Amino acid sequence: MLFPDFRARRMRETSVFRRMIRETKLSCDDLILPLFVVKGKNIKKPIESMPGHYHLSCDNLVKIVKQAYSLNIPGVMLFGISDKKDSLATSAYDPNGIIQNAIKAIKDSVPEIAVLTDVCLCQYTVNGHCGIVYNGKIDNDTSIELISKIALSYAKTGADMIAPSDMMDGRVGEIREVLDKDGFSNVPIMSYSVKYCSAFYGPFREAANSTPKFGDRKTYQMDPSNQLEAVREATLDIAEGADIIMVKPALSYLDVIYRLKNEIDLPIAAYNVSGEYAMIKAGELMGWIDAKQIIMEILLSIKRAGADMILTYSAIEAAKELENQSL
Ligand code: PBG
């Protein structure tokens, strides 16, 4: 049927019609809030390039987690900012480490919320790489041993899900094996399977003090040109036992999310990263954009592309907006 018999505008005429034919809907259930944790008490230090985000000591962390849970956000992703860095990332698997204490604090006060823990070496090593440096190179196989040691330490402390972000080969299989051996076969792995080497991580590296001291991350993170390789990475992680496959960043990689949604049968997470957040906040501060509407449009686009869940620094703002919309 063609115009004038068919008129697309008919079904756009009223808000109730628009609601009836809406194909994608964002919900609080889709959101996961990343948070940065530090040692100490009563710390809430703003992260300059990520307005609204802070370095939080456990007491203040718990307050935000409570707020997130009361807004129906089902999970948080924790990143530890360590001032104790060494070549073997020992502070990452210290039973009294930053993340371990944060998990305990959250489980004491908001036990229902899902605590996801990012697992990586870069915030805990002197050189800031995601793997162990050996003779000037990132050594894959010793790195994954250490990474699974950190994962086990988080699981033992009560983490609900383990999220390795290092991009070493074979780490999902290694973590799965170590967790299973110690009785944590029920703890899922959200793998940062498809993590591109991206300039969009800039503000995070400032926040996490994890910029590599030499070179870059091109020998382990993916080349932004590649889409087929994303399918390969996801397929390998599924074979190794991943439960959720993540694509990161989100916005410049919606095609990748879409393709994976059609080719794999696991839930897909998308990470709306720090640079994506910082650009919106900068535009908002300049008074050039309506940030609230743009955030919702961006999150919707990530979901429409195929993401089943979205890690986003805008989770609280978005959840509040969704609450208002439903009133
Ligand atoms: C650590 C890690 C990074 C991010 C999540 N985990 C930084 C990186 O790989 O350089 C980026 C998150 C963001 O930019 O919001 N490996």
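Fair warning: this is a prediction, and the values are worked out from it, not measured in the lab. For ligands, and for the atoms within them, numbers begin at 1 and follow the listed sequence.
The proximity of D166 to ligand 1, defined as any non-hydrogen pair under 4.0 Å, does not occur for either the backbone or the side chain. Only side-chain heavy atoms of C122 come within less than 4.0 Å of ligand 1; its backbone N, CA, C and O stay farther off. Heavy atoms of F79 found under 4.0 angstrom from ligand 1 belong exclusively to the side chain. Counting heavy atoms closer than 4.0 Å to ligand 1, residue C130 contributes side-chain atoms (C-beta onward) but none from N, CA, C or O.
Under a 4.0 Å heavy-atom criterion, Q221 is in contact with ligand 1. Assignment of E276 to the shell around ligand 1 is not supported, since no heavy atom sits closer than 4.0 Å. In this structure, Y271 has a heavy atom closer than 4.0 Å to ligand 1.
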Q: Walk me through it: do K149 and E145 pass the test salt bridge (charged side-chain N to carboxylate O under 4.0 Å, His left out)?
A: CA-CA 6 Å; K149 192 169 173 171; E145 265 176 52; over 6 Å; no
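Which of K195, M77, Q123, H129 comes nearest to atom 16 (N) of ligand 1 through a heavy atom is settled by distance: it is K195.
Short contacts between ligand 1 and C120, defined as distances under 4.0 Å to a heavy atom of the residue, involve ligand atoms 16 (N). Within ligand 1, counting atoms from 1 as listed, the ones closer than 4.0 Å to a heavy atom of D118 are 6 (N).
Applying the side-chain contact (heavy atoms from CB on, under 4.5 Å) rule to A159 yields the partners I103, T117, Y154, I162; only residues at least two apart in sequence or on another chain are considered.
Among all non-hydrogen protein atoms, the one lying nearest atom 15 (O) of ligand 1 is Y313 OH, 2.6 Å. Residue, atom and distance of the protein heavy atom nearest to atom 10 (O) of ligand 1 are R205 NE, 2.6 Å. Ranking the protein heavy atoms by distance from atom 14 (O) of ligand 1 puts S274 OG, 2.7 Å first. Of the protein's non-hydrogen atoms, K248 NZ, 2.6 Å is the one closest to atom 4 (C) of ligand 1.
The residues K281 and E317 are annotated as salt-bridged, a charged nitrogen and a carboxylate oxygen being separated by less than 4.0 angstrom. Classification of K25 and D30 as a salt-bridged pair fails, no side-chain N sitting under 4.0 Å from a carboxylate O. The pair D180-R176 meets the salt-bridge criterion, with a side-chain N (NZ, NE, NH1 or NH2) lying under 4.0 Å from an Asp/Glu carboxylate O. Under a 4.0 Å N-O distance rule, the pair K261/D308 qualifies as a salt bridge.
Because its NZ or CZ atom is both nearer than 6.0 Å to the ring centre of Y201 and within 45° of the ring axis, K195 counts as a cation-pi partner of that residue.
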Residues 33-51 side chain polar contacts: donor-acceptor under 3.5 Å, at least two apart:
| residue | atom | partner | partner atom | Å |
| --- | --- | --- | --- | --- |
| S49 | OG | E206 | OE1 | 2.7 |

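Annotation: Y93 is not in aromatic contact with Y124 [ring centroid separation under 6.0 Å not met].
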